Amino acid sequence: MKEKEMAVQKPKSAIIKTEDLVPFENHPYKVIDNEDMNDLIDSIREHGILNPLIVRPAEGNDGKYEIISGHRRFHAAEKLEMKKLPCTVHFIDRDAATVMMVDSNCQRTEVLPSEKAWAYRMKMDAIKRIPGRKPAENVSPVETQMRSSEIIAQESGESRAQIDRYIRLTYLVPELLQFVDEGKIKMRPAVELSYLDEEIQRDIMDCIDERGSEVFPSHAQTRRIREQAENGGITYEEIAAIMDELKPNQAEKVKIPTNELKKRIGKSMTDADAIDFIFKAVDFYVRHLQKQREQAR
């Protein structure tokens, strides 16, 4: 079906054979067999599919339909060996389908950083290709055009800077991106790492592996690694030396039980006054020890 013909057709409801449905090509959302999936399977088994899948005719018009939204429901239906599924067919091209796919899936309550990253990048690329796409509403009348990331920001409710950060994550090697999904590497250091070439990222992965996947670079460390890499290059040994530095949150801390302290200095004292009291007491005791040493000479 030609794009011009698709553009004039309104969406329609249809019952489509499960075998005629195919996943959206390169869609970034993971379909995982976990407890949530088991709950979805149980719900569909009891009530059926309440929300139709959103699909479009697959490229080539061979009788297949590409799933835009509903990959988890499709997977659950396959598990239940359902032969036909309720669908809403949209007659749109791939770029419009990409935008719809991202917008519909980003409403999920739990979306991994990697899923958002690739989804926003796919949407950004699609927006750039859509001819005549107008800026979002309610923008300054002075502006005649908006960056793709600004459009995504307005439509997603996230800041443009955050959209740009997510898209930067797509430049990480898969292993580092997995650490971001697991919460082992935070967003800000991950963004710094995304500017490094693949070889340096692989060196960082080797450093992490050698330390038992327990030592991850901090934001300050990734900034130093990136700065050095961009100003003359950086070796594996230099990366390892930076990562082996003690981070502030790794320094040993002295903990004083608050209840025991206030038994000695008074319960009415504030925390700030208590800390001041401790330092003064330490200073006094140090002077006392110094006098004892002087008298013993």
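Note that the structure is a prediction, hence the values are computed from the model and not measured.
To the nearest 0.5 Å, atoms CZ (Phe24) and NE2 (His71) are separated by 8.0 Å. Note that CG of Leu21 is 11.5 Å distant from CZ of Arg73, once rounded to the nearest 0.5 Å. Atom CG of Leu176 and atom CG of Asp181 lie 11.5 Å apart (nearest 0.5 Å). Within the model, atoms NZ of Lys186 and OG1 of Thr222 stand 13.5 Å from one another, a figure rounded to the nearest 0.5 Å. Atom NE2 in His90 sits 12.5 Å away from atom CD in Gln9 (nearest 0.5 Å). To the nearest 0.5 Å, the span separating CD1 on Ile167 from OG on Ser194 amounts to 11.5 Å.
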* To do: Please assess Asp125 against Arg129 for the test salt bridge (charged side-chain N to carboxylate O under 4.0 Å, His left out), listing each intermediate value before the final yes or no.
  => CA-CA 7 Å; Asp125 292 341; Arg129 291 191 297 264; 5.2 Å; no
* Could you please spell out the steps behind the side-chain contact (heavy atoms from CB on, under 4.5 Å) verdict for Arg72 and Tyr29? => CA-CA 9 Å; Arg72 294 181 71 253; Tyr29 301 101; over 6 Å; no
* Walk me through it: do Gln162 and Arg165 pass the test side-chain hydrogen bond (donor to acceptor under 3.5 Å, both in side chains)? => CA-CA 5 Å; Gln162 187 69 351; Arg165 291 188 194 102; 2.8 Å; yes
* To do: Verify side-chain contact (heavy atoms from CB on, under 4.5 Å) between Phe91 and Lys12, making sure each step is shown before the conclusion.
  => CA-CA 9 Å; Phe91 298 92; Lys12 70 174 185 179; 3.9 Å; yes
* **CA sep, side-chain torsions, deciding dist, call: Ile200, Leu193, side-chain contact (heavy atoms from CB on, under 4.5 Å)** => CA-CA 9 Å; Ile200 296 176; Leu193 294 177; over 6 Å; no
* Asked: Checking side-chain contact (heavy atoms from CB on, under 4.5 Å) for the pair Asp103/Lys123: CA distance, chi angles, key distance, verdict?
  -> CA-CA 9 Å; Asp103 290 346; Lys123 182 175 179 178; 2.5 Å; yes
* Asked: Between Arg211 and Asp244, is a salt bridge (charged side-chain N to carboxylate O under 4.0 Å, His left out) present by the stated rule, with each step listed?
  -> CA-CA 9 Å; Arg211 288 152 183 77; Asp244 284 337; 2.7 Å; yes
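Contact between Ile15 and Pro86 at its shortest, heavy atoms only, is CD1-CA, 3.7 Å. Of all heavy-atom pairs between Ala117 and Leu169, the closest is CB-CB, 3.9 Å. For the residue pair Ala229 and Ile234, the shortest heavy atom distance occurs at CB-CG2, 3.9 Å. Listed here is the closest heavy atom pair of Gln221 and Ile242: NE2-O, 2.8 Å. Looking at every heavy atom in both residues, Glu115 comes nearest to Pro28 through CG-O, 3.4 Å. Taking every heavy atom of both residues into account, Ser104 and Ser69 meet most closely at OG-CB, 3.3 Å.
Using a 4.5 Å heavy-atom cutoff, the side chains of Met122 and His27 are not in contact. Between Val102 and Ile152, every side-chain heavy-atom pair lies at or beyond the 4.5 Å cut-off.
The cluster map of Ile, Leu, Val, Met, Phe, Trp and Tyr, joined by side-chain heavy atoms under 4.5 Å apart, puts Trp118 and Tyr195 in the same cluster. With hydrophobic clusters built from ILVMFWY side chains whose heavy atoms lie under 4.5 angstrom apart, Met37 shares a cluster with Leu80. Taken together through direct or relayed side-chain contacts under 4.5 Å among Ile, Leu, Val, Met, Phe, Trp and Tyr, Leu177 and Met205 form part of one hydrophobic cluster. Linking Ile, Leu, Val, Met, Phe, Trp and Tyr whenever their side-chain heavy atoms come within less than 4.5 Å puts Leu85 and Val31 in one cluster. Residue Phe216 is grouped with residue Met187 when hydrophobic side chains (ILVMFWY) are merged at heavy-atom distances under 4.5 angstrom, including chains of intermediate members.
By the 6.0 Å and 45° rule, Arg287 does not stack over the aromatic ring of Phe284. In this structure, Arg56 forms no cation-pi arrangement with Tyr65, as its terminal cationic atom is not both closer than 6.0 Å to the ring centre and no more than 45° off the ring axis. A cation-pi arrangement is found for Arg121 relative to Tyr171, the charged atom lying closer than 6.0 Å to the ring centre and inside a 45° cone about the ring normal.
For the residue pair Gln154/Glu150, the side-chain donor-acceptor check at 3.5 Å is not satisfied. For the residue pair Lys30 / Ser114, a side-chain donor-acceptor distance below 3.5 Å is found, with atom types taken as modelled. A donor atom on one side chain and an acceptor atom on the other are found under 3.5 Å apart for Gln228 and Glu238.
The pair Asp33-Lys79 meets the salt-bridge criterion, since a charged nitrogen lies less than 4.0 angstrom from a carboxylate oxygen. A salt bridge does not link Glu59 with Lys64: none of the charged nitrogens is closer than 4.0 Å to a carboxylate oxygen. Comment: Lys83 does not engage Glu19 in a salt bridge, judged by the lack of any side-chain N to carboxylate O separation of less than 4.0 angstrom. Using a 4.0 Å cut-off between charged nitrogen and carboxylate oxygen, Asp95 and Lys128 do not count as a salt-bridge pair.
Taking Val282 as the reference, Ile278, Val286 meet the side-chain contact (heavy atoms from CB on, under 4.5 Å) condition, with sequence neighbours excluded. Every side-chain contact (heavy atoms from CB on, under 4.5 Å) that Ala14 has, sequence neighbours left out, goes to Ile16, Val89. For Tyr166, the ring-ring contact (aromatic ring centres under 6.0 Å, His included) criterion is met by Tyr120, not counting sequence neighbours. Taking Arg223 as the reference, Glu192, His219 meet the side-chain contact (heavy atoms from CB on, under 4.5 Å) condition, with sequence neighbours excluded. Every residue was checked against the ring-ring contact (aromatic ring centres under 6.0 Å, His included) condition with His75, not counting sequence neighbours, and none meets it.
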Could you give the side-chain donor-acceptor pairs of residues 41-55 under 3.5 Å, partners two or more places apart or in another chain?
unit_1 : atom_1 : unit_2 : atom_2 : d
Asp42  : OD1    : Arg45  : NH1    : 2.8

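Judged purely by atom type and a 3.5 angstrom limit, Gln201 uses its side chain to pair as donor or acceptor with the backbone of Val173.
Atom NZ of Lys17 has 12 or fewer neighbouring heavy atoms from other residues, nucleotides or ligands inside a 6.0 Å radius. Surrounding CD of Glu227 are at most 12 heavy atoms belonging to other residues, nucleotides or ligands under 6.0 Å away.
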